[in-house]
Amino acid sequence: MRFQYAADLPITSARAKILDMVRRHPVVVLVGETGSGKTTQVPQYLAQELLGAAGSSGRPPVIGVTQPRRVAAITVAKRVAQECGVELGQEVGYAVRFDDQTSTKTIIKYMTDGILLREILTDTTLSKYAYIVLDEAHERTLHGDVLFGLLKQLRQRRPTLKVIVMSATLDAESFSRFWDNAPMGYVAGRQFPVTVFYTVEPQLDYVDAAITTVLQLHLQEGPLQGDMLVFLTGQEEIDDAKKILEERSRRLSATAMKLKVVPLYAALPPDKQMLAFAPAPPGCRKVILSTNIAETSVTINGIRYVIDTGMVKAREYNPNTGLDALRAVPVSRAQARQRAGRAGREAAGKCFRLYTEDSFDTFAQHTTPEIQRVNLSSVVLHLKHLEVHDILQFPFMDPPSKDALVQSLETLLALGAVDADLRITPLGTAMALFPLDPMHAKALINSFLPPFRCGRAMAVIIAMLSVENVFFTPKSEQETADAKRRIFASPYGDQLTLLNVYKAYQKAKKRRGQKEWAQEHYINLRSMASVDDVLGQLLELEPAARAIMQKDAGAGAAAANPTALAGVELDSEDLQVRKCLTSACFLNAAVWSPGDRCYRTAVGRNTVHVHPGSVLFQSQKPNCVIYNSVVHTTQRFMRFVLEVEERWVLEYGRYVYRAPDSQPKKKRPATTAEGSSFLGGVKRARGEAPP
DNA sequence: GAGCACTGC
């Protein structure tokens, strides 16, 4: 393994200082701006340090470098392997879900933070690692923040483990504080200057303002001076803006350079996404209309102008209702700076902010860390599995609200993943094996056990639910797409429809016609391929989960499932699937309220509607449904809805819906203030915890 | 009566 000093990178001059800090301190915070080369170079410096010190026999210790995104882990590993003159997967490798390119020789291992989190489940002290480098820590991803707390605890048990936290933003003091005042090092970046302009007046219609700005700029700025990147909030907005922009640019004088407008958002199929990266045809300026996917996830060459509407669609989770909201909100100042930076990757650029400087000052300093915006039941189950019993005392850098933590414990208790003492149960241990939401993990485990026995179908459904964008619907062909897909529709709802789609996909694959099949039915083939990957992983993990369950049953524990609804030997697959899903998703039940023509959630009595994308949107509304998720946009919509029997919900959820009149409770109880009726209620059921 | 930011295991 040879090393190249990459003398032209800003970080090279700081090498000695960085190594000195790492030698003298257990934890170091490195601040390196975009283009500093820290991601590729620091792990190489550490590798030299290790190889220099080694009188090694046997397996060398590993430098683990985490990244928030798969593409980053893969591309950086490739580049570093090349710089070191080694074959990828030997001394330098990467590991992401479904793709592990490492070997026993691997010294530098790039990986997603989620991979390291799962490795801790099987190697709780991360014994093979000498260094853990947490890159892009400023992004504050859910997995990254959980790793922060776990590594801080782990360092007490394994003081020899060294941690390097790398961040791109200057305010790294908060990281240093979290890590007991760890020393900070700075590495200059290589970023061209970006001149920022604000509007003088606030803009009422930012989409219109964006379109006007694009056209004005296009006419004012010299010919072929670079492409434009416009940040908007979502698919619909982008498609609308594209149409208007194309219309108006057609009316430009014949002498003006042409505009090529390209949309960019995650739901776009890969071939259409590629158009945003292709250079504009000669004599043409490219305008990319993008969601915040262009903020961090992808880099487009040739951008000299950024137009920032200052808005983003952000997810907010309400622990009191258990429901998600997706709303367009102002960006944070850090986000706005990140967007502006996109204009200065190759040369000096300009950024036009469609808001006043005064309003910029009112934006939040940073985007709220993800851990404060999501349902934590999966994270809490993971921590319980790692024997972190007192979740409220876990060292979160920015702790989630107590309500959110308590609510996730209630969910786990209702599912039977923890017992009345909030200790993980065998079922919980089995659930934690799966990279799934706890409800899905429980549905999958149940499906392989009597009386359900629909494991294969359930694994397919859960795999289909855990990938995005199975259906691709261009706005102009919406009716054709809907009609083509109607053949998959199940009268019971979306989960069984997804099963039908997968069965049709498999048939098409058998006759090697899946490409045509996908095209004809407006289905994203790449999503179907990831369904196959997920399905394979679930089926691979399942025997271990079943072994835990059977061992527990053998030890004299209660039967895995209530038997009151048994007799399913004669049930059809549809019926088995519906009962099995209810046995795990009973908290996500909603009942039709004929008076006000909407559904009410069983927990919390919130008003919800069937999502327009559901097969049940147009049909007559069943009395009782379970849903996969609720998202609050213009209204609260249930996504993926399935008709079930109300009595199944009451039976499987009897520890939750245990009111004397056997009606679902009126309101999700406030567990913190008023004596925790739900939690307390289940506690009274001690000794007969839910299955 | 009419809609889905972005990651990741």
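These numbers come from a predicted model, not from an experiment. Lettering of chains follows the sequences in order, A, B, ..., and the numbering in each one begins at 1.
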d([atom1], [X]; [atom2], [N]) in whole Å:
X         : N      : atom1 : atom2 : value
Gln335(A) : dA5(B) : CD    : P     : 15 Å
Asp145(A) : dC9(B) : CG    : C1'   : 16 Å
Glu139(A) : dG8(B) : CD    : C1'   : 12 Å
Ile371(A) : dG8(B) : CD1   : C1'   : 14 Å
Asp113(A) : dC9(B) : CG    : C1'   : 10 Å
Leu147(A) : dT7(B) : CG    : P     : 20 Å
Asp240(A) : dG3(B) : CG    : P     : 12 Å
His609(A) : dG3(B) : NE2   : C1'   : 13 Å

The side chain of [X] is closest to which nucleotide in this list: [options]?
X         : options                : result
Pro612(A) : dA5(B), dG8(B), dA2(B) : dA2(B)
Arg97(A)  : dA2(B), dT7(B), dC9(B) : dC9(B)
Thr634(A) : dG3(B), dC9(B), dT7(B) : dG3(B)
Gln618(A) : dA2(B), dT7(B), dG3(B) : dA2(B)
Thr291(A) : dC6(B), dC9(B), dA2(B) : dC6(B)

**Asked** Below 4.0 angstrom from OP1 or OP2 of dG8(B), is there any side-chain N or O of Arg118(A)?
**Response**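 No, no such contact exists.
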**Request:** Could you tell me whether the phosphate oxygens of dC9(B), OP1 or OP2, come under 4.0 Å of any side-chain nitrogen or oxygen in Thr112(A)?
**Result:**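 Answer is yes, contact under 4.0 Å.
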**Request:** Indicate, with a heavy-atom threshold strictly under 4.0 Å, whether Arg70(A) touches base, sugar-phosphate, or nothing.
**Result:**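 Sugar-phosphate, no base atom in range.
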**Request:** Remember a base hit wins even if backbone is also touched, and classify Ala314(A) as base, sugar-phosphate or nothing at under 4.0 Å, heavy atoms.
**Result:**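 The residue Ala314(A) makes no contact with any strand.
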**Item:** Pairwise 5' ranking along DNA chain B for Asn292(A) and Lys621(A), keeping only the more 5' one
**Value:**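 Here Lys621(A) is the residue nearer the 5' end.
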**Request:** Name the residue closer to the 5' end of DNA chain B, choosing between Leu436(A) and Gln235(A) according to the nucleotide with the nearest heavy atom.
**Result:**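 Per heavy-atom nearest nucleotide, the more 5' residue is Gln235(A).
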**Message:** Side chains of Asp596(A) and Ser593(A) only: does a donor on one sit below 3.5 Å from an acceptor on the other?
**Reply:**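 Yes, because at least one side-chain N or O of Asp596(A) sits under 3.5 Å from a partner of the opposite role on Ser593(A).
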**Message:** I'd like to check the salt bridge (Lys or Arg N to Asp or Glu O under 4.0 Å) partners of Asp208(A); sequence neighbours left out, ordered by chain and number.
**Reply:**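 For Asp208(A) the salt bridge (Lys or Arg N to Asp or Glu O under 4.0 Å) partners, ignoring immediate neighbours, are Arg248(A).
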**Request:** Apply salt bridge (Lys or Arg N to Asp or Glu O under 4.0 Å) to Glu370(A) and list each qualifying residue two or more places apart in sequence or on a separate chain.
**Result:**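 Expected list: none.
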**Message:** With a 6.0 Å cut-off on the ring centroids, do Tyr355(A) and Phe363(A) count as close?
**Reply:**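 Between Phe363(A) and Tyr355(A), which both carry aromatic rings, the centre distance is below 6.0 Å.
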**Prompt:** Listed by chain and number, what are the side-chain contact (heavy atoms from CB on, under 4.5 Å) partners of Arg639(A), not counting sequence neighbours?
**Reply:**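 Partners of Arg639(A) by the side-chain contact (heavy atoms from CB on, under 4.5 Å) criterion, ordered by chain and then number, come out as His611(A), Ser629(A), Val631(A).
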**Message:** The criterion is side-chain contact (heavy atoms from CB on, under 4.5 Å); which residues satisfy it with Ser447(A), sequence neighbours excluded?
**Reply:**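 Residues passing side-chain contact (heavy atoms from CB on, under 4.5 Å) with Ser447(A): Leu444(A), Cys454(A), Met458(A), Cys580(A).
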Counting only pairs under 3.5 Å, give me each side-chain donor-acceptor contact of residues 268-275 of chain A, with atom names and distances, residues two or more places apart or in other chains.
unit_1    : atom_1 : unit_2    : atom_2 : d
Gln273(A) : NE2    : Tyr265(A) : O      : 3.1
Gln273(A) : NE2    : Ala266(A) : O      : 3.3
Gln273(A) : NE2    : Leu268(A) : O      : 3.2

**Request:** May I ask you to list the residues of residues 375-386 of chain A, by number, that have any heavy atom positioned under 4.0 Å from an atom of DNA chain B?
**Result:**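 Residues of residues 375-386 of chain A under 4.0 Å from DNA chain B: none.
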**Message:** Rounded at 0.5 Å granularity, tell me how far CG in Leu412(A) sits from CD1 in Ile424(A).
**Reply:**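 Going from the CG atom of Leu412(A) to the CD1 atom of Ile424(A) covers 8.0 Å.
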